[in-house]
Protein chains: 2
Amino acid sequence: MKISNPSGSGSGSAIPEVVILRLPLYVRILTQLRDEGIEVVSSRELGERLSVTPAQIRKDLSYFGRFGKQGRGYNVNYLVGELRRVLGLDRDWNAAVVGVGRLGRAIISYPGFSPEGFKVVAAFDADPSQVGRQLDVVTVRPMEDLAKAIAEQKIDIGIVAVPAPQAQPVINKLVECGIKAILNYAPVAPQVPGDVRVRNIDPVLGLQTMTYHLKMMKERKGK
Amino acid sequence: MKISNPSGSGSGSAIPEVVILRLPLYVRILTQLRDEGIEVVSSRELGERLSVTPAQIRKDLSYFGRFGKQGRGYNVNYLVGELRRVLGLDRDWNAAVVGVGRLGRAIISYPGFSPEGFKVVAAFDADPSQVGRQLDVVTVRPMEDLAKAIAEQKIDIGIVAVPAPQAQPVINKLVECGIKAILNYAPVAPQVPGDVRVRNIDPVLGLQTMTYHLKMMKERKGK
DNA sequence: CGGTGTGAAGTTCTTCACAGCC
DNA sequence: GGCTGTGAAGAACTTCACACCG
């Protein structure tokens, strides 16, 4: 009575999901260090920049290889390259945005994706009056084109920017089209099959978890 | 050799932070159920909507009280009220946005905060040419006014929307001014004292953790 | 019955501590 | 001496399973 392997069909060495979640942070700090001209870094120094224990960093990295040198630390340039490779960041990824309201348009013209290798190559909207509109480098297409576009344009990532009530249906559609990675901006808790990854971007949830602590602090000291 | 209590100065019954992180999700689904006219819900039903086990929901709720009725479940309306109270969502919270570039302006006019009780009541920018500009209901003020505004306008939350290089200095300033809750949109790993909470909103990190799995899937089945 | 609340068991994740190497 | 890599120990979190209740 023990089904433990996450992520479905068990590949092999079982790397904890939390570890994967931390790798992009390491990549980011290492990139920053590299830009500062720093060539070698120890797990202690890295940990200080990230508020993470050195042991955790060493353990995390050990899942993927032996990247350091005893007595010295890690070569920044080498490590950042290896981690990018592990994460699949050594190539570009195409994404489609669904929903071109205020939020969707902001996402399409967000300048932070492209330099990181994420390209928004298509946009969709259910509203016929939006279809055909040119936004940045993409033309808005009708939802019916979704399946075709995903196949033709090698789209691996769906970005959901529709109002909450439409979010689950849109997500279902993306899943039907074979999408396995979804960045969801709608304030909902999406339901997806086990082999589909979802990351939710939801500032309100962030705020709501902080108010708990604010409230506690205030209660503790009078007003 | 054992410093374990999180959140600094140890209040009492030690509620795990992960539990706090899930509560807003419960609130959201419960609100939705209420709007659908559903009056009672079991931990199993709630769990299905959230992809969480019923046991976890019952355990999480048990940290805060006994809200259910055996054989029946939870009264939706009552539970949502209790959870909102626990999270401090039974009042409004004032926030200040720092940085009024493209992103900052989008945050100021984002319609999702206000109905949830989060009010953006002030905006700041270091660029003198932005100061004085009217954005939605707030007027952009210079950074020097930060301390005064936080005190006068009872601001508890700082929202950081400046470019990455300025983020840490701005966060330091907010902390100096006594802010204990920060919603950070800049792609950095902020360093803050233990009694300050930060939540990062960072779509690129979300994408970068999904590419790992995409890559794995592709490798597993040829191309 | 059906479903909660909860100690106890089980699992996952983090930290320790030290051998080994530069 | 300084720092990595890693089994082992420890802490945190999740799930089980059942007494108890409506």
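Proteins come first, then strands; the chains are lettered A, B, ... in the order of their sequence lines, and each starts at number 1.
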Starting at [atom1] of [X] and ending at [atom2] of [N], how long is that distance when rounded to a whole Å?
{"X": "A:L61", "N": "D:dC3", "atom1": "CG", "atom2": "P", "result": "16 Å"}
{"X": "B:I20", "N": "D:dC13", "atom1": "CD1", "atom2": "P", "result": "11 Å"}
{"X": "B:E17", "N": "D:dA12", "atom1": "CD", "atom2": "P", "result": "13 Å"}
{"X": "B:D60", "N": "C:dT4", "atom1": "CG", "atom2": "P", "result": "14 Å"}
{"X": "A:R58", "N": "C:dC13", "atom1": "CZ", "atom2": "C1'", "result": "16 Å"}
{"X": "A:L21", "N": "C:dC13", "atom1": "CG", "atom2": "C1'", "result": "13 Å"}

In chain order, what residues pass the salt bridge (Lys or Arg N to Asp or Glu O under 4.0 Å) check against [X], with sequence neighbours excluded?
{"X": "B:K59", "answer": "none"}
{"X": "B:D202", "answer": "A:R28"}
{"X": "A:R58", "answer": "none"}
{"X": "A:E45", "answer": "none"}

Check your understanding: Counting any heavy atom closer than 4.0 Å, what does B:R66 reach on the DNA or RNA strands: base, sugar-phosphate only, or nothing?
Key ->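 Sugar-phosphate only.
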
Check your understanding: For DNA chain D, what residues of residues 24-32 of chain B have any heavy atom nearer than 4.0 Å?
Key -> none

Point to revise | Sorted by number, the residues of residues 67-83 of chain A with heavy-atom contact under 4.0 Å to DNA chain D | key: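 Residues of residues 67-83 of chain A under 4.0 Å from DNA chain D: A:F67, A:G68, A:K69, A:Q70, A:G71, A:R72, A:G73, A:Y74.
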
Practice item. Salt-bridge test for B:R85 and B:E82: reply yes if a basic N is under 4.0 Å from a carboxylate O, no otherwise. Key: yes

**Study point:** Qualifying residues under side chain to side chain contact (heavy atoms under 4.5 Å, CB included), relative to A:Q153, sequence neighbours excluded
**Key:** A:V121, A:A122, A:R141, A:A149, A:I155

Review point. Taking only residues two or more places apart in sequence, or in another chain, which ones meet B:F113 in a ring pair (Phe, Tyr, Trp, His ring centres under 6.0 Å)?
Key: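 Here the qualifying residues are B:Y110.
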
Review point. Step by step, would you call B:W93 with A:L207 a side-chain contact (heavy atoms from CB on, under 4.5 Å)?
Key: CA-CA 10 Å; B:W93 294 92; A:L207 291 171; over 6 Å; no

Enumerate all atom pairs, one protein N or O and one N or O from nucleotides 7-9 of chain D, separated by less than 3.5 Å.
residue : atom : partner : partner atom : Å
D:dG7   : N7   : A:K59   : NZ           : 3.3

Atom pairs and distances, donor-acceptor, side-chain atoms in residues 33-40 of chain B, under 3.5 Å, two or more places apart:
residue : atom : partner : partner atom : Å
B:R34   : NH1  : B:N77   : OD1          : 3.3
B:E36   : OE1  : B:R49   : NH2          : 2.9
B:E36   : OE2  : B:R49   : NH1          : 3.3

**Study point:** Minimum-distance pair of heavy atoms, taken over all atoms of A:K173 and A:L146
**Key:** CG-CD2, 3.8 Å

Check your understanding: For A:Q56 and A:D60, does a side-chain donor sit closer than 3.5 Å to a side-chain acceptor?
Key ->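 The answer is no; no qualifying pair exists.
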
Point to revise | Any residue of residues 38-57 of chain A with a heavy atom less than 4.0 Å from an atom of DNA chain C | key: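 Under 4.0 Å from DNA chain C: A:T53, A:A55, A:Q56.
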
Practice item. Could you list all the side chain to side chain donor-acceptor pair (under 3.5 Å) pairs where at least one residue sits in residues 65-75 of chain B, not counting sequence neighbours? Key: none

Review point. So does A:R22 get a side-chain nitrogen or oxygen closer than 4.0 Å to the phosphate oxygens (OP1/OP2) of C:dT14?
Key: yes

Point to revise | Heavy-atom check, side chain of A:H213 versus side chain of B:E17, under 4.5 Å | key: yes

